[in-house]
Amino acid sequence: MNQMIRNFSRLTKEEKTELITKLFTSDAPAACELLSKYNLQDPTVQSLHDGFAENTLANYYIPYSVAPNVMVNGRFYCVPMAIEESSVVAAASKSASFWAQRGGFKASVEKAVKKGQIHLYYKGDKKIIFAFFEKVKDNLLRACEPITKKMTERGGGITSLALVDKTDVEKDYFQIDLSADTMDSMGANFINSTLECLAQEFKRLFEEEKIAGELQIIMCILSNYTPECVAHVEVSAPVDDMADGDMSGSVFCEKFVKAVRIAHLCTERAVTHNKGIMNGVDAVVIATGNDFRAVEACAHAYAGREGRYSSLSTAEVKDGVFRFWMDVPLAIGTVGGLTRLHPLAGLSMDILGNPSAKELMMITASVGLAQNFGAVRSLVTSGIQRGHMKMHLNNILLSMGASTEQMEKANVFFKDKIVSHSAVEEFLKK
Ligand code: MEV
């Protein structure tokens, strides 16, 4: 099959399934059966899922887990995490319990400013466009009131609107930069609709008032870079309280601080280090129906904000106290989008006690730091493979079709042995 499929979206789900399995799979009946298994029995919930995207054939499941004992600012949370990577939830839970016994995570959110821009080109006298913008600014804000009114009534809305000269980077390039407080929503729709309305009115007034020069609106879009929507989280404990197995607290802390420092110095390590943080962050972001692509894109841009990609977290020992902290941008919400539409996202909010967006930012950052702590702790003590391989063993066993009894025996057998694909195969043969 090497040709266009026309009008695919117009087919029913059954027709799409039949066509795709026939054209693209090696065993169409088996593929159909598989897809049918991965559709929910309940037609109401299934059609809800189908409505989240286009051309849906089935549901792609990843485990929905919880990490209990995540103590943030003195309150215990049981945190839902949706992630397929073995050992992430176990590590988060272990770290969370460790820190719950040492005062828990201290988190804060200073601001939660979201931004968007109208990108435009103006050929003409800069003074004219700036004067015109200042003159019509109030008209612009009034024009988009039908969109902003409700948000403003709830205490949020547009917090600033400014024309920005970008001609130092590109001739004739300007932005109308909008900042907004989107309260408990992530705010993408609010910002994009507002920007489009503002742009339309700006152009209309520009033409109506016959302003000198040439104006071209290129696009209106929120920015997923949210350096003013950041959660701070930290943990601390006396060095003596940080002993790990045979390793004394002071040796552990020294190695830990050096490991985090390496992530500040070396891009190769920084990316993996931050990936460990995002293992925790993404899992909560997904479980709560938020946009993990936006969070990921922003976190990494933020990690490079000083011109070089670096660690998001930092550790130090001062006056006998180990301190480990992180600032992470998190443009997430607790209302709107999938956060209430996806039944499991709704359940996550319920399990979390229906947090505000700022509270969810603090919880999510705490899980990210917990995850980071767990990973770096393993790296500087036993090494990462021991914990990983234990979980990986079960995946290998499952992929080989092992029975429950075989899995139990394998877990006992491999307790003190190196897990590899061939070793597991050998074990099963025996
Ligand atoms: C694996 O998913 C994440 C780690 O590689 C993170 C890290 O190295 O810090 C374990």
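Note that ligands are numbered from 1 as they come in the structure, with each ligand's atoms numbered from 1 the same way.
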Inset, instruction - Return yes or no for this condition: an N or O of H273 is under 3.5 Å from an N or O of ligand 1. - result: no

Inset, instruction - Could you tell me whether N372 and ligand 1 have an N or O pair separated by under 3.5 Å? - result: no

Inset, instruction - Check whether any heavy atom of Q371 sits under 4.0 Å from an atom of ligand 1. - result: no

Quick one: which ligand 1 atoms are inside 4.0 Å of a heavy atom on [X]?
X	value
E85	1 (C), 2 (O)
T272	5 (O), 6 (C), 7 (C), 8 (O), 9 (O)
K275	1 (C), 2 (O)

Legend entry - Close side-chain approach of F8 and E54, heavy atoms under 4.5 Å: no

Inset, instruction - Ignoring hydrogens and angles, state whether a donor on the side chain of S313 or H273 is under 3.5 Å from an acceptor on the partner side chain. - result: yes

Inset, instruction - Assess the side chains of Q46 and D50: does a donor N or O sit below 3.5 Å from an acceptor N or O? - result: yes

Inset, instruction - Inspect the contact between R323 and E316 and indicate whether a charged nitrogen and a carboxylate oxygen are less than 4.0 angstrom apart. - result: yes

Side-chain donor-acceptor distances from residues 418-430 under 3.5 Å, at least two apart:
{"residue": "S420", "atom": "OG", "partner": "S422", "partner atom": "OG", "Å": "3.3"}
{"residue": "S420", "atom": "OG", "partner": "A423", "partner atom": "N", "Å": "3.0"}

Inset, instruction - Measure N279 to ligand 1 on non-hydrogen atoms and call it side chain, backbone, both or neither using the 4.0 Å cut-off. - result: side chain

Inset, instruction - Return the orientation label for the F373 and F324 ring planes: parallel under 30°, perpendicular over 60°, tilted otherwise. - result: tilted

